[in-house]
Each structure stands twice: as C-alpha cells, then as structure tokens.
Amino acid sequence: PAAPSTARTVAVAVPDSVPTDPRTTIDWITTGGTLTTERSARVARVRFTKPGDYTVTAKIMSNGEEIARRSATISVASP
C-alpha cells in the first residue's frame, strides 16, 4: 500500500539504470493531477489538487515499441 503524503506536488523519476539513447522517449501517464516533465522527461512532477490514490506511470519507448514500464502509487491525504 502507498504511504500517505500531505504533499500536493510529487516528483517521480525513471531510474538511471533504465537505458536510454537518442531514439528513446519516455511517455508519462497519470490517473490524476497535472503532470510536467524535466531532465529530458526522465523526471515527472505531478501536482494533485484532491486527496486520493493515484498511479504515475512511465512508458519507455524505443523505435515506437515499449521496452520498459515503471509505475508509482501516490497517496495524497487531506490537508
């Protein structure tokens, strides 16, 4: 289970162990909140405006095919 957090903005990163090259893209998906990326899309910041449990997923793509997927569950508590 996800640990409760009172934070409204959460950063999620693709581990450095996941290989990338110039043909690699990272597609981020979230079940809620507003997502922005940085560091060539290796880091996603998600701002949540409502409490709840959310999943943030990174799809690592190379040449149009998914080569890896990483997800994190975020639990946002009421203030």
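The side chain to side chain contact (heavy atoms under 4.5 Å, CB included) check on Asp16 picks up Arg39, Arg42, with sequence neighbours excluded. With sequence neighbours excluded, the residues that form a side chain to side chain donor-acceptor pair (under 3.5 Å) with Thr24 are Asp21. For Arg69, the salt bridge (Lys or Arg N to Asp or Glu O under 4.0 Å) partners at least two apart in sequence or on another chain are Glu66. Shown here are the side chain to side chain donor-acceptor pair (under 3.5 Å) partners of Ser40, two or more places apart in sequence or in another chain: there are none.
Counting heavy atoms from C-beta outward, Ile74 and Val46 have side chains that stay 4.5 Å or more apart. The closest side-chain heavy-atom distance from Val76 to Lys50 is not below 4.5 Å. Side-chain contact between Lys59 and Ile26: absent, with no pair of heavy atoms (C-beta onward) separated by less than 4.5 Å.
Evaluation of the ring-ring contact (aromatic ring centres under 6.0 Å, His included) test over residues 10-41, restricted to residues two or more places apart or in two chains, returns none.
Each of Ile29 and Tyr54 belongs to its own hydrophobic cluster when Ile, Leu, Val, Met, Phe, Trp and Tyr are linked at side-chain heavy-atom distances under 4.5 angstrom. Put simply, Val12 and Val43 are part of two different groups of oily side chains (I, L, V, M, F, W, Y) that touch within less than 4.5 Å, one to the next.
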Could you pull out all donor-acceptor pairs under 3.5 Å where a side-chain atom in residues 31-38 meets a protein atom, sequence neighbours excluded?
| unit_1 | atom_1 | unit_2 | atom_2 | d |
| --- | --- | --- | --- | --- |
| Thr31 | OG1 | Thr55 | N | 2.9 |
| Glu38 | OE1 | Arg45 | NE | 3.1 |

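Across every non-hydrogen atom of Arg8 and Pro51, the tightest pair is NH1-N, 3.9 Å.
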